[in-house]
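Atoms considered below: every heavy atom in the structure, side chains included; atoms not considered: hydrogens, waters and symmetry mates. Everything numeric here is computed off the predicted structure, so don't read it as measured data.
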Amino acid sequence: MIVRTRYAPSPTGYLHVGGAWMAFFNWLFVRHSRGQFVLRVEDTDRSRSTEAFEAAILEDLRWLGLDWDEGPDVGGPYGPYRQTERSGLYQQQARSLLEKSAAYLCYCTPEELDAERQRAVAEHRPYRYSGRCRDLSAADRDRLAAEGRRPTLRFRVPSGHPAIVVHDLVLGRVEFNPEDLDDFIIQRSDGTPLYNFANVVDDRAMRITHVLRGSEHLSNTPRQFLMYEAFGWDHPQVAHLPVLLGVDRKKLSKRHGDTAVREYAAQGYLPEALVNFFALMGWYPEDGRELFTIPELIERFRIEEMGRSAAIFDTQKLDWLNGVYMQGALRRSPDRVVDLVIGCLQREGLLDGQVSPERRAYVAQVVAILGERLRLPRDILTYGDFFFRDDVVYDPQAVQKHLKGAEMADLLRYLQRALAAAKKFDREAIEAAVRGAAAERGVESKVVIHPLRVALTGKTVGPGLFELIEVLGKERVLARLARAITLIESAGSSAAATG
RNA sequence: GCCCCCAUCGUCUAGCCCGGUCCAGGACAUCGGCCCUUCAAGCCGGUAACGCGGGUUCGAAUCCCGCUGGGGGCACCA
């Protein structure tokens with residue numbers, strides 16, 4: 001048997017990490033099983049679905065490297081893959097349930113149902129549909145229709161049905177009492193299908209063998225199983241994966257902000273880091289290994305090893321993982337890292353839209369000397385913004401610590417002369433000049449190194465000083481030193497004036 | 001309120017099925033130290049968890065029951 005799974009997003013928003021995480025495990029499971037992955041767009045809620053969101057979701061899945069064998073864009077033998085294009089099928093199947101009396105027309109209006117619901121809440125009892133339209137005669141239906149009511153189609157939960165047992169691949173055996181279920185609507189009064197129904201019809205029509213979904217759907221399972229039964233179909237295997245929680249311990253949703261996959265892409269996260277991180281939430285190999293390539297993940301994944309408890313989406317570890325993958329990318333394809341960093345600098349307005357080859361080479365140099373400090377592209381801001389600003393932004397604390405006093409101005413002036421005199425301006429020559437100057441002034445190297453760093457970069461953290469000076473170039477180094485000297489002297493004189 | 005799921009360090013988790021090898025292991029984060037021109041990295045070390053109560057057993061993180069806590073669901077949303 002060929003394993004077939006599906007991911008069925010509804011295009012009512014951007015793909016968020018919770019959805020991506022689900023898609024990932026469907027994909028991982030099916031790739032491990034050498035099966036087929038189907039993408040189905042659940043756009044039956046037409047008021048909230050848009051084509052733009054659909055396109056965006058596909059794009060984000062592709063960015064993550066999750067490929068599908070059948071879907072709205074590539075087609076396939078069981079298409080179409082958009083629910084709005086399958087209405088004929090739903091209507092046909094709805095009719096079949098109606099004919100079997102497994103479903104019935106319900107003429108209750110939303111207002112009436114709402115009132116029933118509110119009454120139930122007020123009386124502290126669980127709301128269940130009254131079943132008012134369960135046994136309507138043809139005459140009743142004609143009368144109700146004559147009032148202008150458009151009926152919905154309700155599924156008839158068989159009475160006296162034995163317990164519904166779900167053998168979940170992750171949760172194990174879960175039992176539901178059919179008495180707790182009421183007749184539910186499967187088709188709106190406008191004839192469009194509802195999620196539960198469309199899901200069953202499509203999963204069957206698309207030959208889906210395994211349904212991996214979030215455990216928020218567990219309570220839908222008995223209803224769906226009942227429908228499979230009414231149709232006389234076997235149901236697919238189900239597996240309910242834990243829900244992903246935000247740091248507030250609530251189900252991850254758009255409300256959490258910054259949970260859209262494209263936001264991570266925009267921030268320059270590496271898709272392979274995100275995917276590796278996804279794998280570690282809910283699934284962990286016994287040996288405690290954490291870094292996996294995609295093929296390794298596919299090879300080692302076992303759905304039986306899936307965890308059952310909800311996990312909190314906490315990005316601390318993701319940032320670390322991204323750093324690890326960044327180092328790999330830096331070694332194998334530095335251009336890729338340079339692109340990401342350029343994107344970040346552009347968003348911050350530190351780089352123009354049009355990047356010349358020279359400018360690009362310069363960024364590459366900066367990236368090279370930043371090395372392992374780059375975990376995320378934005379780290380370039382904390383460690384190397386001064387490479388891209390005309391004026392150094394001085395960190396007040398750094399200045400306070402290293403850039404004050406007349407002797408310091410003197411020392412910097414001395415350094416300025418030493419650097420100006422340097423014939424070559426490469427790393428070795430710079431180091432020789434700086435250390436030489438320190439020796440001539442009879443001080444330890446670090447006594448000049450720290451102030452020099454602050455004078456040139458405005459901060460106490462960053463790449464190696466000599467490399468940084470080389471990349472900055474003689475002209476800018478001398479200019480910045482001059483400015484720092486003026487800064488110290490004006491601070492000194494104003495202090496003297498006020499003191 | 002009703003139904004269902006879950007429960008090990010702050011976080012992701014290993015161990016649980018097949019009780020002893022677990023005064024609970026790893027990773028991220030955090031705190032110290034080393035290294036070093038700074039930071040980061042690296043290396044060394046530390047803090048930190050079996051929710052509670054009952055059983056069963058010679059022995060329970062592991063099995064059973066209850067409680068508590070957390071989460072999800074109860075739509076003409078998906």
Side-chain angles (χ1 to χ4, degrees), chain A residues 8-10 12 42-45 47-49 106 108-110 113-114 117 120-121 123-128 150-154 166 168 170-172 174-177 179-182 184-190 192-196 198-199 214-222 240 242-243 245 247 249-251 277 280-291 304 307-321 323 327 370-375 379 382-383 398 402 431 434-435 438 444-450 452-454 457 459-466:
Chain A
S10 46
T12 56
E42 306 215 328
D43 54 354
T44 57
D45 184 355
S47 62
R48 296 194 299 147
S49 302
C106 172
C108 299
T109 63
L113 296 171
D114 244 21
R117 213 174 348 258
V121 171
E123 292 167 15
H124 297 291
R125 61 188 164 76
Y127 168 72
R128 301 181 65 220
R150 310 297 317 149
T152 60
L153 191 64
R154 258 183 211 275
V166 176
D168 189 288
V170 169
L171 297 175
V174 186
E175 198 175 302
F176 294 89
N177 184 353
E179 300 296 311
D180 296 325
L181 267 31
D182 60 357
F184 51 94
I185 297 174
I186 59 178
Q187 197 177 60
R188 295 184 182 92
S189 49
D190 67 1
T192 57
L194 248 28
Y195 163 78
N196 264 315
N199 227 258
S215 65
E216 69 264 30
H217 293 292
L218 182 60
S219 52
N220 283 322
T221 308
H240 288 92
V243 288
L245 270 29
V247 281
R249 299 195 150 270
K250 295 283 178 210
K251 187 172 103 172
F277 181 61
L280 259 22
M281 278 188 302
W283 176 79
Y284 237 84
E286 257 186 54
D287 61 13
R289 194 173 152 195
E290 302 196 299
L291 262 19
E304 304 78 36
R308 284 182 290 275
S309 52
I312 294 170
F313 189 83
D314 182 358
T315 53
Q316 270 186 338
K317 196 161 191 163
L318 170 61
D319 289 354
W320 167 76
L321 261 175
Q327 295 323 305
L370 244 28
E372 292 188 324
R373 272 161 277 251
L374 278 182
R375 284 150 55 101
D379 288 333
T382 45
Y383 294 117
H402 296 291
E431 178 158 5
V434 172
R435 291 197 192 279
E444 271 188 282
S445 292
K446 63 180 172 192
V447 174
V448 309
I449 281 170
H450 294 295
L452 186 51
R453 170 186 296 282
V454 177
T457 72
K459 53 189 86 200
T460 56
V461 301
L465 181 69
F466 310 118

What nucleotide among [options] has an atom nearest to a side-chain atom of [X]?
| X | options | value |
| --- | --- | --- |
| Tyr195(A) | C76(B), G73(B), A78(B) | A78(B) |
| Val461(A) | U38(B), A78(B), C77(B) | U38(B) |
| His450(A) | G73(B), C4(B), U37(B) | U37(B) |
| Leu245(A) | G71(B), U37(B), U13(B) | G71(B) |
| Leu218(A) | U13(B), A78(B), C5(B) | C5(B) |
| Arg48(A) | A78(B), U37(B), C76(B) | A78(B) |
| Gln316(A) | U13(B), U37(B), C28(B) | C28(B) |
| Arg249(A) | C3(B), G70(B), C77(B) | G70(B) |
| Trp320(A) | C4(B), A27(B), C12(B) | A27(B) |
| Leu280(A) | C12(B), U37(B), U11(B) | C12(B) |

If you compare every side-chain N and O of [X] against the phosphate oxygens of [N] (OP1, OP2), does one of them come in below 4.0 Å?
| X | N | result |
| --- | --- | --- |
| Arg375(A) | A29(B) | yes |
| Arg289(A) | C12(B) | no |
| Lys250(A) | G70(B) | no |
| Lys317(A) | A29(B) | no |
| Arg308(A) | C4(B) | no |
| Arg117(A) | C76(B) | yes |
| Arg373(A) | U38(B) | no |
| Thr44(A) | C77(B) | no |

Quiz item: For G32(B), what is the paired nucleotide under Watson-Crick or G-U wobble rules, both distances under 3.5 Å?
Solution: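 Per the H-bond distance test, C44(B).
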
Exercise. Return the nucleotide paired to C2(B): Watson-Crick means purine N1 to pyrimidine N3 with N6-O4 or O6-N4, wobble means G-U with N1-O2 and O6-N3, both under 3.5 Å.
Key: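 Base-paired to G73(B).
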
Length of the [atom1]-[atom2] vector between [X] and [N], whole Å:
| X | N | atom1 | atom2 | value |
| --- | --- | --- | --- | --- |
| Leu181(A) | C74(B) | CG | P | 12 Å |
| Leu171(A) | C6(B) | CG | C1' | 9 Å |
| Asp180(A) | C74(B) | CG | P | 14 Å |
| Phe277(A) | C12(B) | CZ | P | 9 Å |

Under 4.0 Å between any heavy atoms, over every strand shown, what does [X] touch: base, sugar-phosphate, or nothing? Just pick one.
| X | value |
| --- | --- |
| Cys108(A) | base |
| Pro463(A) | base |
| His217(A) | base |

Any non-hydrogen side-chain atom of [X] less than 4.5 Å from a side-chain atom of [Y]?
| X | Y | result |
| --- | --- | --- |
| Ile312(A) | Val247(A) | yes |
| Val434(A) | Val448(A) | yes |
| Val461(A) | Thr382(A) | no |
| Trp320(A) | Glu290(A) | yes |

Quiz item: Is it true that atom CZ of Arg289(A) has more than 12 heavy atoms of other residues, nucleotides or ligands lying nearer than 6.0 Å?
Solution: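 Yes - once you tally the heavy atoms of other residues, nucleotides and ligands closer than 6.0 Å, there are more than 12.
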
Quiz item: Could a donor-acceptor pair under 3.5 angstrom be found where the side chain of Ser189(A) meets the base of C76(B)?
Solution: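 Indeed, a donor on one side and an acceptor on the other fall under 3.5 Å apart.
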
Quiz item: Does a distance-only test, which skips hydrogens and angles, find a donor-acceptor pair under 3.5 Å between the side chain of Tyr284(A) and the base of C12(B)?
Solution: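 Flag set: donor-acceptor pair detected.
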
Practice problem: Go through the steps to decide whether Phe184(A) and Tyr195(A) satisfy the test ring-ring contact (aromatic ring centres under 6.0 Å, His included), and finish with yes or no. | Solution: CA-CA 11 Å; Phe184(A) 51 94; Tyr195(A) 163 78; over 10 Å; no

Self-check item: Pair Arg453(A), Thr457(A): side-chain N/O donor-acceptor within cut-off below 3.5 Å
Solution: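 Side chains of Arg453(A) and Thr457(A): no pair found under 3.5 Å.
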
